[in-house]
Structures are given as C-alpha cells and as structure tokens.
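Notes for the one structure printed next.
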Amino acid sequence: MKKALLLSASSYKDSGYLNHCKGWIKEFLGRLWEDEILFIPFAGVRRTSEQYEQKVADCLENSNIRSIHHFSDMKAAVKNAKSICIGGGNTFVLLNELYKFDLLGAIKDAVDSGTPYFGWSAGANVAGKTMMTTNDMPIVFPPSPVALGIFPYQINPHFISGKISNHNGESREERLEEFLIVNQNDSVYAMPEGSAFLINGNECEVMGHADVLKFEYKKEISRIAVGSKFKI
C-alpha cells in the first residue's frame, strides 16, 4: 500500500529546520527509522550533496540518512531502499536531475510497491501530478513538468494568502487562478507552512498546524481542515 508524508516546508514559523516535523517523520517511518533512509539531495542548489546529507542527519538526529550520490547505481539504490526522502530547494533543478538519472519511474514503482516516501517543499512538489504549481524560478528546464504523481493532483507548498504590503505583483491566489484558467481540469491543493499530507493507499489526511485550501476552475476555494481525510 502506498505510504507518503508530504510536508509543505522544512520549518514552521521560527521552529528551526525540521524541528516541527521530526516527530511526524519518526512516527511515519516506525521501525524503519532505525534502517538506512535513502536521501535525494538534488534540489539543494546552494549546498553540496554532502552538506545537505549532513544537515538533514543532524537536524533529524538520525545517522541513518544516506544520500543517493554515494551510489554508483542510483536506480538500484531506489529499488532496494527501505524508505525514500527528497529534500527541498529548487523544484526545477530537482526534477531535471530526476529525469537526468532516469529515477522518476524507479521512485514511483518503489512507492507503489509500498516503500515509504517523505519529502518537504520541492520534495512535496514533485510528489504531485506535475511541478507546474511550484513557487520556484526556472533556473533550468526539465524535459517535462510531469512529476511522480504519488499525490495525483497539483500541490502548491509554502502557500501564503493575500498580498504582501506594498507589493504590486500577483497574489498566490491570482497565480493559481491563472494556472486553472489554462489547466481547467486540474485541482490545486495549497499547503500553508506547517501543514502536511499523510497518504495511506488511496486516502489522504491533512496534518499539522494549518488547513489546506483546494482550488478548482470557476469554483469557490474550499478549506480542508486539519484532521480531515479524503480519497485520492
């Protein structure tokens, strides 16, 4: 049965890196917390893979984090992984690297076969249908925006409602409205920081400190409360 924990962000308010979700991750993995966790660091543009691996290991207080860059056969590493984690950063770079190393199918097959997956920010974004509702700049262009589809709809992490004072650009609501005008059959789940999705099979539960918003073409924005479950 498919199992995934998708986190909007690595931090919540001033809680510090991964502190707000460390317990969720540990509970999600259960006994697998003691086994090696395959970490995919590709989104971390401003840090090396070694630096990112160490940061996550230190913040989770888990020495079992092992970055995929250590493996000569990355697809085999995914296939043999007890659990898979993808960290945040730039979603365009992340997806481009997943295509470069031909890992999308391997990760999807592993998750469909029951390997637990967790990720935050860009790592949650690529778990959705496509990465087209990322907030990141397109500093590279992947061959396709199609992502893992673990969650079969669009995800917008780090969602902030309304406009910043004195900012004259579009609000996040307006950006998502633009997406839906062009992609009218899609749904977008906007995840404020502090929120998470817990996926078990075809059921998804909203976790955390903030409700999730669902955007659809020409429909009122709907709110999905923390603790609510829905089918995917």
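Values below: every heavy atom of this structure, side chains too, minus hydrogens, waters and symmetry copies.
- When side chains are defined from C-beta on, Phe71 counts as touching Leu38, because their heavy atoms get closer than 4.5 Å.
- Counting heavy atoms from C-beta outward, Glu203 and Ile232 have side chains that stay 4.5 Å or more apart.
- Annotation: side chain of Lys108 is not in contact with side chain of Ile150 (no heavy-atom distance under 4.5 Å).
- When the side chains of ILVMFWY residues are joined at heavy-atom separations under 4.5 Å, either directly or via intervening members, Val111 and Ile155 end up in a single hydrophobic cluster.
- In the displayed structure, Ile139 atom CD1 is contacted under 6.0 Å by more than 12 heavy atoms of other residues, nucleotides or ligands.
- Cluster membership for Val146 and Leu98, using ILVMFWY side-chain heavy atoms within less than 4.5 angstrom, is shared.
- Relative ring orientation between Trp120 and Phe118 is described as tilted, the plane-to-plane angle lying within the 30° to 60° band.
- Shortest non-hydrogen contact noted between Leu95 and Ala147 is CD1-CA, 4.2 Å.
- Counting only heavy atoms from C-beta outward, the side chains of Leu6 and Asn125 never approach each other to under 4.5 Å.
- At least one test fails for Arg46 against the ring of Tyr52: distance under 6.0 Å to the centre or angle within 45° of the axis.
- By the rule that hydrophobic residues join a cluster once side-chain heavy atoms approach within less than 4.5 Å of another member, Val93 and Leu104 end up as members of one cluster.
- Side-chain contact, Ser161 with Glu173: a donor N or O sits under 3.5 Å from an acceptor N or O.
- Interatomic distance, Leu198 CG to Glu27 CD, rounded to the nearest 0.5 Å: 8.5 Å.
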Using side-chain hydrogen bond (donor to acceptor under 3.5 Å, both in side chains), reason through Glu53 and His70 one step at a time and then give a plain yes or no.
CA-CA 11 Å; Glu53 175 187 50; His70 293 299; 3.0 Å; yes
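- Ring to ring, Phe215 and Phe179 are not that close: their centroids are 6.0 angstrom or more apart.
- Nearest heavy atom pair, residue Leu94 against residue Ala122, reads CD2-O, 3.5 Å.
- For Phe101 and Phe42, the ring centers sit closer than 6.0 Å to each other.
- Counted by atom type alone, His158 and Ser121 present one or more donor-acceptor pairs between their side chains at under 3.5 Å.
- Side-chain contact between Glu50 and Ser67: absent, with no pair of heavy atoms (C-beta onward) separated by less than 4.5 Å.
- Remark: His209 NE2 to Ser8 OG distance equals 11.5 Å, nearest 0.5 Å.
- Minimum heavy-atom separation, Asn64 to Glu34: ND2-O, 3.2 Å.
- Considering only heavy atoms from C-beta on, Val212 stays 4.5 Å or farther from Phe159 through its side chain.
- The distance from the CG atom of Asp35 to the CG atom of Leu29 is 9.5 Å, given to the nearest 0.5 Å.
- Looking at Leu7 and Ile25, their side chains come closer than 4.5 Å, going by heavy atoms from C-beta outward.
- In this structure, NZ on Lys219 lies 7.0 Å from OG on Ser187, to the nearest 0.5 angstrom.
- Note on ring orientation: taking the six-membered ring where Trp is involved, the planes of Phe197 and Phe151 are parallel (angle under 30°, cut-offs 30° and 60°).
- Taking hydrophobic clusters as Ile, Leu, Val, Met, Phe, Trp and Tyr residues chained together by side-chain heavy-atom distances below 4.5 Å, Leu5 does not share a cluster with Tyr117.
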Under the criterion salt bridge (charged side-chain N to carboxylate O under 4.0 Å, His left out), I'd like the reasoning laid out for Glu36 against Lys82: C-alpha separation, chi angles, the key distance, then a yes or no.
CA-CA 7 Å; Glu36 185 173 274; Lys82 298 292 183 66; over 6 Å; no
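- A heavy-atom distance below 4.5 Å is found between the side chains of Leu103 and Lys75.
- When all heavy atoms of Ala81 and Thr115 are compared, the closest pair comes out as O-CG2, 3.7 Å.
- For the residue pair Gly169 and Lys163, the shortest heavy atom distance occurs at O-CE, 3.4 Å.
- Atom CD in Glu193 sits 11.0 Å away from atom CE in Met191 (nearest 0.5 Å).
- Atom CZ of Arg175 sits about 14.0 Å away from atom CG of Leu180, to the nearest 0.5 Å.
- Counting non-hydrogen atoms of neighbouring residues, nucleotides and ligands closer than 6.0 angstrom, the CZ atom of Arg223 reaches no more than 12 such neighbours.
- When every heavy atom of Val140 is checked against every heavy atom of Pro142, the shortest pair comes out as O-CD, 3.7 Å.
- Met131 and Leu176 are members of different hydrophobic clusters when ILVMFWY side chains are connected at heavy-atom separations under 4.5 Å.
- Shown are Thr133, Asn183, Thr134; of these, the side chain to side chain donor-acceptor pair (under 3.5 Å) with Gln154 is made only by Thr133.
- Below 30°, between 30° and 60°, or above 60°: for Phe92 and Phe141 the angle between ring planes is above 60°, a perpendicular geometry.
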